[in-house]
Amino acid sequence: MRIAVLSETDGAETRVSATPETVKKYKTLGADVVVQAGAGAKAGIPDAEFEAAGASVAASAAEALKDADVILKVRRPAEGELSGAKPGALVIAIMDPYGQDAALKALADAKVSAFSMELMPRITRAQVMDVLSSQANLAGYRAVIDATAEYGRAIPMMMTAAGTVPAARIFVMGAGVAGLQAVATARRLGAVVTATDVRPAAKEQVESLGAKFIAVEDEEFKQAETAGGYAKEMSAEYRAKQAELVTSHIAKQDIVITTALIPGRPAPKLITRAMVESMKPGSVIVDLAVERGGNVELAQAGQVVDHNGVKIVGHLNVPGRLAATASSLYAKNLYAFVETLVNKDTKELAVKWDDELVKATCLTRDGAIVHTAFQPTA
């Protein structure tokens, strides 16, 4: 069994899909691991460390791909990147499949079995494989750090001989994994923290971290969660009531962090131009949903926008701003999944195609798109 670890072709991607730690684990599964030269450079992992862990280093992607049974990536392979991959090889990555019909067809045409890690079901046995959670956790932490760097004042209350410095007020919109980590990080820094979410379960989680929960708690709010634990899209009436509450709250905040995403949909707009303009100069907004269209009306992907003195931070690939840690967690997520695809006795690949993890994540197989959510309509 041969596992190939490819470099990322996207210039914004700093993460890598394996670490020396997971290479050693793959070796115990009986795998030969081949890492493309420089794959870990942006995450601070030189080729020599992969070699010391037992991997061989290939000079090119083509060399790494040759005869590989499993191909590991962070992002979906670009067009042509899999030329030379053997038919039936497993390609495992964050595939970002929604609305990517041409890219999925290209994967099918490459005759590979493509697996999308972000489609992993949220069940107990798959928690260790949950890339959305591992990466969102880091994004929430980094959002607070980035906001603090842009904010020209101290975060905690400080009592000094020269006078008292008031604590910064930080408002987190969306209390999923990223939002809760943002709340926890902001609290550790000493801010006065509030948070909002459309899911009722979030209230208790936010309050358990010492923050105050802000929401219109009506009957619709009480039903606003899917069976999978994701936020539902709310009615126009509810959004109007929530916007009214949030509008008055945002005007008093120093830092706002938005984290709201709905799988397969553009990010919901939470902050309008008028809300931005109601904030004091020197305030900061961090939009973690900017790659999906953004929660903030004036946010620009990959830029820090200054609008009337309010900074709107729209960094791309926020987990990748902590490349070493993000790579370590992502590589462990991948290993936990790959381990389930290997027969421990024969040390060979033995994919159970009817396993719920495989069925939930497999996009393409035998030249066709097999995932029911992404099959082309006639």
Is it true that, when you exclude [X] itself, more than 12 heavy atoms of the residues, nucleotides or ligands shown sit nearer than 6.0 Å to its [atom1]?
{"X": "Arg292", "atom1": "CZ", "value": "no"}
{"X": "Lys352", "atom1": "NZ", "value": "no"}
{"X": "Glu244", "atom1": "CD", "value": "no"}
{"X": "Arg265", "atom1": "CZ", "value": "no"}
{"X": "Lys212", "atom1": "NZ", "value": "no"}
{"X": "Lys347", "atom1": "NZ", "value": "yes"}

message = Please list all pairs meeting ring-ring contact (aromatic ring centres under 6.0 Å, His included) that have one or both residues in residues 262-300, counting only residues at least two apart or in different chains.
response =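 As it turns out, there is no ring-ring contact (aromatic ring centres under 6.0 Å, His included) pair with a partner in residues 262-300 once direct neighbours are skipped.
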task = Kindly state each residue pair satisfying ring-ring contact (aromatic ring centres under 6.0 Å, His included) with at least one member in residues 262-281, sequence neighbours excluded.
result =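 As it turns out, there is no ring-ring contact (aromatic ring centres under 6.0 Å, His included) pair with a partner in residues 262-281 once direct neighbours are skipped.
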Whether [Y] and [X] form a salt bridge (side-chain N of Lys/Arg under 4.0 Å from carboxylate O of Asp/Glu) is what I want to check.
{"X": "Glu277", "Y": "Arg273", "result": "yes"}
{"X": "Lys203", "Y": "Glu217", "result": "yes"}
{"X": "Asp254", "Y": "Arg153", "result": "no"}
{"X": "Arg75", "Y": "Asp10", "result": "yes"}
{"X": "Asp146", "Y": "Arg321", "result": "yes"}
{"X": "Lys105", "Y": "Asp109", "result": "yes"}
{"X": "Arg122", "Y": "Asp130", "result": "yes"}
{"X": "Glu8", "Y": "Lys73", "result": "yes"}

query = Residues in side-chain hydrogen bond (donor to acceptor under 3.5 Å, both in side chains) with Thr258, at least two apart?
reply = Asp287, Asn295
Any side-chain heavy-atom pair of [X] and [Y] under 4.5 Å:
{"X": "Leu334", "Y": "Met117", "value": "yes"}
{"X": "Met279", "Y": "Ile250", "value": "yes"}
{"X": "Thr194", "Y": "Gln253", "value": "yes"}
{"X": "Gln36", "Y": "Ser7", "value": "yes"}
{"X": "Arg76", "Y": "Ile94", "value": "no"}
{"X": "Leu29", "Y": "Lys344", "value": "yes"}
{"X": "Ile257", "Y": "Met173", "value": "no"}
{"X": "Val358", "Y": "Leu341", "value": "yes"}

Least distance between heavy atoms, [X] atom then [Y] atom:
{"X": "Val286", "Y": "Ala143", "result": "CG2-O, 3.7 Å"}
{"X": "Ala215", "Y": "Gln242", "result": "CA-OE1, 3.6 Å"}
{"X": "Val144", "Y": "Ala182", "result": "CG2-O, 3.4 Å"}
{"X": "Ile170", "Y": "Ala191", "result": "CD1-CB, 3.6 Å"}
{"X": "Ala59", "Y": "Glu63", "result": "N-OE1, 3.4 Å"}

request  = Take Asp355 and Thr340 through the test side-chain contact (heavy atoms from CB on, under 4.5 Å) and record every step on the way to the result.
outcome  = CA-CA 10 Å; Asp355 183 283; Thr340 70; 5.9 Å; no
Got a sec, which hydrophobics cluster with [X], joining ILVMFWY side chains under 4.5 Å apart, including via others?
{"X": "Val112", "result": "Leu6, Leu65, Ile71, Leu82, Val91, Met95, Tyr98, Leu104, Leu107, Leu119, Leu363, Ile369, Phe374"}
{"X": "Val57", "result": "none"}
{"X": "Val165", "result": "Met158"}
{"X": "Val34", "result": "none"}

request  = Give the intermediate values and the outcome of side-chain contact (heavy atoms from CB on, under 4.5 Å) for residues Val5 and Val33.
outcome  = CA-CA 7 Å; Val5 177; Val33 183; 4.2 Å; yes
key: No-hydrogen, no-angle side-chain donor-acceptor test under 3.5 Å, Glu21 and Thr19   = no
task = Say whether Thr185 and Gln181, considering side chains only, have a donor N or O and an acceptor N or O under 3.5 Å apart.
result = yes
message = Please report the interatomic distance OG(Ser134) to CG(Leu329), rounded to the nearest 0.5 Å.
response =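 Here the interatomic distance stands at 5.5 Å.
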task = With rounding to the nearest 0.5 Å, note down the distance linking CG in Leu349 to CG in Asn343.
result = 10.0 Å
inquiry  = Please verify the inter-ring angle class for Phe115 with Phe337; under 30° counts as parallel, over 60° as perpendicular, anything in between as tilted.
reply    = perpendicular
Validation: residues 309-320 side-chain donor-acceptor distances under 3.5 Å, sequence neighbours left out:
from   : atom 1 : to     : atom 2 : distance (Å)
Lys311 : NZ     : Glu150 : OE1    : 3.2
Asn317 : OD1    : Arg15  : NH2    : 3.2
Asn317 : OD1    : Gly320 : N      : 3.3
Asn317 : ND2    : Ala12  : O      : 3.0
Asn317 : ND2    : Glu13  : OE2    : 3.2

ask   = Partners of Val192 by side chain to side chain contact (heavy atoms under 4.5 Å, CB included), sequence neighbours excluded?
value =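 In terms of side chain to side chain contact (heavy atoms under 4.5 Å, CB included), with neighbours along the sequence ignored, Val192 is linked to Ala167, Arg169.
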key: Results of ring-ring contact (aromatic ring centres under 6.0 Å, His included) for Tyr335 - residues two or more places apart only   =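 Expected list: Tyr26.
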request  = Quick one: list whatever passes ring-ring contact (aromatic ring centres under 6.0 Å, His included) with His249, sequence neighbours left out.
outcome  = Phe171
Which pairs would a plain distance check flag for residues 38-55, meaning a side-chain donor or acceptor within less than 3.5 Å of a matching protein atom at least two apart in sequence or in another chain?
from  : atom 1 : to    : atom 2 : distance (Å)
Lys42 : NZ     : Gly11 : O      : 3.4
Asp47 : OD1    : Gly38 : N      : 2.9
Asp47 : OD2    : Gly38 : N      : 3.3

Lys111/Asp366 under salt bridge (Lys or Arg N to Asp or Glu O under 4.0 Å): CA gap, chis, key distance, verdict = CA-CA 6 Å; Lys111 301 287 194 297; Asp366 297 333; over 6 Å; no
